[in-house]
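What's counted below: heavy atoms across the whole structure, side chains too, no hydrogens, waters or symmetry copies.
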Amino acid sequence: DAEVGYKFNNAASVKVGMFKTPVGMDFNASGKKLDITKRGMEKFLVLERSLGIMASGRNIAGGFGYDIGYFNPTTRSGLVSIVDTEMTDSDDITARNTVGDDKAYAVRGMYDMGKMLHVEASYGSSEKVDGINDYKVWDVGTAYRIQGATLKAEYIEGKLDVDKIYVWYLHAGYQFTPMYEAVVRYYQGTFKPDIGDSSSLNNT
């Protein structure tokens with residue numbers, strides 16, 4: 001990441017540079033704050049990092065917050081990069097998502113009740129990732145913490161034309177001491193193509 005910014009107050013700040021787009025609850029947690037040792041299946045669907053500008057606000061009216069970002073095409077996204085790579089040399093180069101006026105944008109709203117409850121929803125899109133269609137993704141997530149216990153859930157869905165991929169997880173953890181916590185997380189991922197059979201993968 002490389003960014004510069006200015007904070008006017010809690011309700012308004014702005015930054016410019018290369019940073020994470022505001023789609024995905026677990027994705028936007030820093031590495032040291034992850035509940036498990038690796039990022040999960042949903043990371044493939046987020047817009048990842050990109051060069052852009054974003055306005056943000058936090059702790060508004062007792063806990064509300066927002067992010068509104070405008071970015072270059074999100075070619076670091078797992079799904080976007082695969083689709084872009086699969087385009088052949090014969091494809092019209094002017095239609096690729098890495099040139100011209102193509103762009104990406106993302107918005108996120110959230111609510112925090114101190115450190116006990118966090119709820120957020122986000123939406124993003126990157127233009128013409130296959131030369132024609134925009135990649136669209138939306139996400140909802142929540143986290144609840146009380147007396148050493150942590151409960152989390154997140155659902156993210158990506159769509160390109162009529163192909164759809166979605167991932168969700170349920171997470172539970174309990175911290176016995178400041179050094180030791182037991183956690184369990186269940187993932188479910190499903191791919192529904194326009195043509196052919198759907199496929200699913202789960203992991204615990």
Side-chain angles (χ1 to χ4, degrees), residues 1-15 17-50 52 54-69 74 76-78 106-124 137-158 166-190 201-204:
D1 294 358
E3 63 190 55
V4 294
Y6 186 82
K7 182 177 180 179
F8 300 95
N9 49 47
N10 284 340
S13 65
V14 63
K15 65 180 181 179
M18 174 72 74
F19 47 84
K20 288 182 176 182
T21 59
V23 176
M25 183 176 74
D26 225 40
F27 169 68
N28 275 279
S30 65
K32 67 180 181 180
K33 293 183 179 180
L34 289 177
D35 299 284
I36 53 179
T37 58
K38 294 182 179 181
R39 301 200 182 269
M41 295 165 61
E42 81 286 351
K43 186 177 184 293
F44 179 76
L45 301 181
V46 302
L47 295 180
E48 260 286 351
R49 290 170 169 82
S50 191
M54 186 165 74
S56 302
R58 295 290 186 272
N59 299 317
I60 304 169
F64 290 96
Y66 70 90
D67 296 304
I68 303 173
T74 56
R76 294 178 65 173
S77 165
V107 295
R108 176 171 61 161
M110 66 193 74
Y111 175 75
D112 289 282
M113 186 184 295
K115 295 183 178 180
M116 183 174 69
L117 176 66
H118 173 81
V119 180
E120 70 172 63
S122 56
Y123 174 83
V137 56
W138 64 274
D139 175 87
V140 291
T142 185
Y144 179 76
R145 298 179 177 88
I146 188 170
Q147 297 179 347
T150 299
L151 299 174
K152 288 185 177 183
E154 185 171 7
Y155 176 92
I156 184 168
E157 180 178 301
Y166 58 87
V167 172
W168 58 269
Y169 69 78
L170 298 174
H171 173 99
Y174 187 80
Q175 190 170 16
F176 298 97
T177 72
M179 290 184 64
Y180 297 101
E181 181 183 21
V183 299
V184 60
R185 179 175 291 196
Y186 174 81
Y187 275 103
Q188 176 75 46
T190 302
L201 174 69
N202 58 64
N203 191 14
T204 302

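Here F176 and Y174 bring their ring centres to under 6.0 angstrom of each other.
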Check your understanding: Should S56 and M54 be marked as a side-chain contact (heavy atoms from CB on, under 4.5 Å) after you check the CA-CA gap, both sets of side-chain angles, and the distance that decides it?
Key -> CA-CA 7 Å; S56 302; M54 186 165 74; 3.8 Å; yes
**Study point:** Test log, rule side-chain contact (heavy atoms from CB on, under 4.5 Å), inputs Y123 and V137
**Key:** CA-CA 6 Å; Y123 174 83; V137 56; over 6 Å; no
Exercise for review: Test side-chain contact (heavy atoms from CB on, under 4.5 Å) on E3 and K15 and set out the steps.
Suggested key: CA-CA 6 Å; E3 63 190 55; K15 65 180 181 179; 3.3 Å; yes
**Study point:** Residue pair N203, Q188: steps toward the side-chain contact (heavy atoms from CB on, under 4.5 Å) verdict
**Key:** CA-CA 7 Å; N203 191 14; Q188 176 75 46; over 6 Å; no
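The CZ atom of R185 sits 4.5 Å away from the CD1 atom of I36 when rounded to the nearest 0.5 Å. Here the CH2 atom belonging to W168 is positioned 10.5 Å from the CE atom belonging to M41, to the nearest 0.5 angstrom. To the nearest 0.5 angstrom, L151 atom CG is 10.0 Å from R145 atom CZ. Distance check: I146 CD1 to L117 CG gives 10.5 Å after rounding to the nearest 0.5 Å. Put simply, CG on D112 and CG on N59 are 7.0 Å apart, with the number rounded to the nearest 0.5 Å. Rounded to the nearest 0.5 angstrom, F64 CZ and Y111 OH are separated by 6.0 Å.
When the options I156, V46, L45, D139 are evaluated for a side chain to side chain contact (heavy atoms under 4.5 Å, CB included) with F27, the one that passes is V46.
Checked against ring-ring contact (aromatic ring centres under 6.0 Å, His included), Y6 has the following partners two or more places apart in sequence or in another chain: F8. Partners of R49 according to the salt bridge (Lys or Arg N to Asp or Glu O under 4.0 Å) rule, which considers only residues two or more places apart in sequence or in another chain, are D1.
The shortest side-chain heavy-atom distance between Y180 and Q175 does not fall under the 4.5 Å cut-off. Counting heavy atoms from C-beta on, the side chains of E181 and T150 come closer than 4.5 Å. Taking 4.5 Å as the limit, some side-chain heavy atom of I60 sits within range of a side-chain heavy atom of Y66. Residues N202 and Y186 meet the side-chain proximity criterion, which asks for heavy atoms closer than 4.5 Å. The side-chain heavy atoms of M113 and H118, taken from C-beta on, include no pair separated by under 4.5 Å.
Here the closest heavy-atom approach between residue G189 and residue V167 is recorded as CA-CG2, 4.0 Å. For the pair S122 and P22, the tightest heavy-atom approach, listed with the atom from each and the gap, is CB-O, 3.3 Å. Taking each heavy atom of K38 and L34 in turn, the nearest pair found is C-CD1, 4.4 Å.
Atom CE of M18 is surrounded by more than 12 heavy atoms from other residues, nucleotides or ligands within 6.0 Å.
Proximity of a side-chain donor or acceptor of T190 to a complementary backbone N or O of Y166 within less than 3.5 Å is not detected. Between the side chain of T74 and the backbone N or O of R76, no donor-acceptor pair lies under 3.5 Å.
Ion pairing of D67 with R58 is present here, as a side-chain N (NZ or NE/NH1/NH2) and a carboxylate O approach within less than 4.0 Å. Using a 4.0 Å cut-off between charged nitrogen and carboxylate oxygen, E120 and R108 count as a salt-bridge pair. At a threshold of 4.0 Å, the pair K152-D35 counts as salt-bridged, since one of the basic side-chain nitrogens sits closer than that to a carboxylate oxygen.
There is no side-chain donor-acceptor pair under 3.5 Å between Y155 and E42.
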